[in-house]
K.L.:
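Quick one: the structure is below, and I'll ask about it shortly.
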Amino acid sequence: MRALTVTPGEKDSLKLRDVPEPATGEGEVLVEALAVGLCGTDSEIIGAEYGEAPPGQDYLVLGHENLGRVLDAAPASGLAKGDLVVGIVRRPDPEPCKACAAGEWDMCLNGNYTEHGIKGLDGFARERWRADGEAMVKVDPGLEDVGVLLEPTTIVAKAWEQINRIGQRAFFDPHTAVVTGAGPVGLLAALLGVQQGLDVHVFDIVTDGPKPDLVHDLGATYHSEPLPESGIKPNILVECTGVTPVVLDALKCRAQDAVTCLTGVSGTGKQTKVDVGALNREEVLMNGVVFGSVNANRRHYDAGAQALAKADRDWLRRLINRRLPLANFAEAFKRQTDDVKVVLDVTRGTDGNPSHE
Ligand SMILES: [Zn+2]
Ligand SMILES: [Zn+2]
């Protein structure tokens, strides 16, 4: 069967290759891959910045954002043929550390976890894959065309869960939330904020393209000016860019007792002059909390699946602005100005017909 693979450590080694059917040892549930979403992590793996092949294999099947349909499942898995499922990207480390043992592999303490399509486990950009029932979540059958958005949604589902848990440390009655960055993660963060009844403001630099309308149609407010110029002082801030001047603005513009969640992974090595005294002073005097959040565990997949099921299906569909057959992977990875989320359709060959018999 066909799979989209890279040779980790080798730049631009991305190619389609024939790979063996998934071994039964990979899990009790056999899944037909439907779609794989692309993101910056995939580009970094293609650029050989990281990525690790499974032990004893010289290539890694790419793809972590995924959607599939069960072809065959052991009854004990709780899944049945035809179920729509999403594979959980990170799996607990084999040791396991205390966090992994508690089912919170997103908080893994020793870094020995594995990740499908990223670290030590083949990804989902192959025609069929296997995993155990506990390593996937069933999603609403109506989400067939947008369920591939679940993985990025889990990232913000975790962020919001943690924000609300941190808020509970004291009196907490948030009404205004700011999201910086209107990429897929920022837009999904805004969706979850609106679903909680918050007045959500999304900041990005573009003035046209699909992003302002997507924010508006969510019932949130779009801003192309920098956060400090807006005068908005949010109770909650979700930073989704990792761009250092934006991160700094996010640390400076908040209401009293606010919670700020950082989700963007910044590049390193560039120096910025910062008045640490002023930052510290403000943090202390405003009871500020700034925390980082990455990855997601099963609880967040469940929360994300619920959020998607409640969301407007057409709005979610608009997040996926390009959907290409697996064979057109090179074109898919060529970034276009209006891209929000680009998805590879694993069931289609180049001609738009099903690729396997
Ligand atoms: Zn991703
Ligand atoms: Zn662990």
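As a basis for the values below, the full set of heavy atoms in this structure was taken, side chains included, without hydrogen atoms, waters or symmetry mates. What you see is a predicted model, and the numbers here were worked out from it, not measured in a lab. Read the numbers this way: they start at 1 and go in the same order the structure lists the ligands and their atoms.
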K.L.:
Is it the case that the side chain of Glu127 and the backbone of Arg2 share a donor-acceptor pair, with hydrogens and angles ignored and the cut-off at 3.5 Å?
P.N.:
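Yes, the answer is positive, given that a donor and an acceptor are paired below the 3.5 Å cut-off.
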K.L.:
Using a distance-only test with no angle check, is there a side-chain donor-acceptor pair under 3.5 angstrom linking Glu115 and His64?
P.N.:
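No, no side-chain donor-acceptor contact under 3.5 Å.
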K.L.:
Whether the Arg17 and Thr5 side chains hold a donor-acceptor pair (N or O, under 3.5 Å, no angle test) is what I'd like checked.
P.N.:
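Result is yes, a qualifying pair exists.
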K.L.:
Output yes when Asp145 and Arg317 qualify as a salt bridge under the 4.0 Å nitrogen-oxygen rule, no when they do not.
P.N.:
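Salt bridge flag = yes for Arg317 with Asp145.
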K.L.:
Given atoms SG of Cys108 and SG of Cys97, what angle do they subtend at the Zn ion (ligand 2), to the nearest 10 degrees?
P.N.:
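Approximately 120° at the metal, rounded to tens of degrees.
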K.L.:
Quick check: does Glu65 have an N/O/S atom under 2.8 Å of the Zn ion (ligand 1)?
P.N.:
yes
K.L.:
The Zn ion (ligand 2) and Asp93: any N/O/S contact shorter than 2.8 Å?
P.N.:
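It does: Asp93 brings an N, O or S atom closer than 2.8 Å to the Zn ion (ligand 2).
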